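Everything on this sheet refers to the single structure shown next.
As the structure lists them, so they are numbered: ligands from 1, and atoms in each ligand from 1. Keep in mind the model is a prediction, meaning the values are calculated, not measured. Excluded from the calculations below are hydrogen atoms, water molecules and symmetry mates; all remaining heavy atoms, backbone and side chain alike, are included.
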Amino acid sequence: MSEKILVIGANGQIGTELVAALRGVYGIDAIIASDIREPNYPTSKNNGPFEIVNVLDDDNLRKVFIKHQPTQVYLLAAILSAIGEQKPKLAWDLNMSGLLHVLDLAVEFKVAKVFWPSSIAVFGPHSPQFNTPQYCVMDPNTVYGFSKLAGERWCEYYFTKYGLDVRSLRYPGLIGWRANPGGGTTDYAVQIFHEALRNGTYECFLSANTALPMMYMDDAIRATLSLMDAPPDKIKIRSSYNLAGISITPAALASEIKKHIPDFEISFAEHDPRQAIADSWPKSIDDSAAQTDWAWALEYDLPKIVEDMLKNLKSII
Ligand code: SER
C-alpha cells in the first residue's frame, strides 16, 4: 500500500526533523507537512506538500483528511510545559481537544497508524525520581504534564475500544540543531549551544545540578520511526513507552562544551519558574519495555551529542 503521511505540527522542534526523515524514507510527496503557520521555508514544489491546519478547527482538519486520505498521522502540535503554565486553559484545550479531534478523524477515515508524543512530564513529585519505571505513581503538577497523562489514557482507550493502532513515546528533553524548541523546561539544553557559539557565555535558567533525562534528536527520530515500523503485536504498551536517553545536568553539559570551547562560561539565573517544573520530573528513566518490545537501543552519549551539535550548528549559525 502506498503511504500518505500527515504530520501535524510540522514546523516545531520534532516536526521539522521528522518531516525530513519521513521524506527520506517514503519520498517527498508522500508526506503532507502541516502547521498552524506557514513554515519559514518555501512550500512550493521541491519542498513537498504543505497545509495550514488548526487542530482546534474540526472542519479545517476534516477537509485535510478528505483531501489527502492519510494512511498515517503524526500529531505533534502541542503547548509545552513552560508556556503551558502561562496559558493553562489554552494548553489544556489544544493538547486535549486537538488529540481527540485527530483520534476521531483517524477512526472515521480508517487511518492505519497514529503517532502521538507524550513526555517525561507525565511523572510528578511522588513518582520515583531515579530510573523511573513505566508504571508507578504519576501525579504531574503542570498542565502540560497532566494533559499528556490524560492523552495517554485516551490513546490506550481508542486502541482498546475502536482498534485504532495508536503508538506513543514519552520523550525526554530533546537536543537538536535543525530547529529550536518552543517553550519547554528542557529548552536550555539547546539554547546553551547557540549561546556558546555566538557569545561564549550562557545564563542557564535551571540550576547547575538539575538532572533531567535528555536525548539527541537523531536518536529520538530513530526511536519514533522504529516504533512506527514495528509489527503491531510487538507494541505491548498502548498508552506511551518510557524513553530514557541519558541523564544530563547543566553543569555536565557545560563542562563537555568547554572541551570544545575552552573559554565558554556558564552562569545560573535565580528564581526561574521552570526550576520547579524540572524538580518535579524524573532525573533518569527506565526504558526496558521499549528495549524488550521493539529492540530500542540508544546511540548518542553526552560526548557524541556535544560533538555533533557543535559541528552542525557552526555551519548554520
Ligand atoms: N521538553 C518538554 C518540555 O520541556 C517536555 O516534554 O516541556
About how many Å separate [atom2] of [Y] and [atom1] of [X], when rounded to the nearest 0.5 Å?
X    : Y    : atom1 : atom2 : value
H101 : L94  : NE2   : CG    : 10.5 Å
I246 : I305 : CD1   : CD1   : 4.0 Å
M309 : Y216 : CE    : OH    : 5.5 Å

Quiz prompt | Residues Y202 and Q191: side-chain donor-acceptor under 3.5 angstrom | solution =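 Side chains of Y202 and Q191: pair found under 3.5 Å.
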Quiz prompt | Residue pair E265 / T201, side-chain donor-acceptor N/O under 3.5 Å | solution =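 No pair is found: no donor N or O on one side chain lies under 3.5 Å from an acceptor on the other.
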Residue [X] vicinity, atoms of ligand 1 by number, heavy atom under 4.0 Å:
X    : answer
S119 : 5 (C), 6 (O)
L80  : 7 (O)
T185 : 3 (C), 4 (O), 7 (O)
W281 : 3 (C), 4 (O), 5 (C), 7 (O)

Practice problem: Answer side chain, backbone, both or neither: which part of S81 comes under 4.0 Å from ligand 1, heavy atoms only. | Solution: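 Both of them.
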Quiz item: To which protein heavy atom is atom 2 (C) of ligand 1 closest, and what is the distance rounded to 0.1 Å?
Solution: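 Sorting protein heavy atoms by distance from atom 2 (C) of ligand 1 puts T186 OG1, 3.9 Å first.
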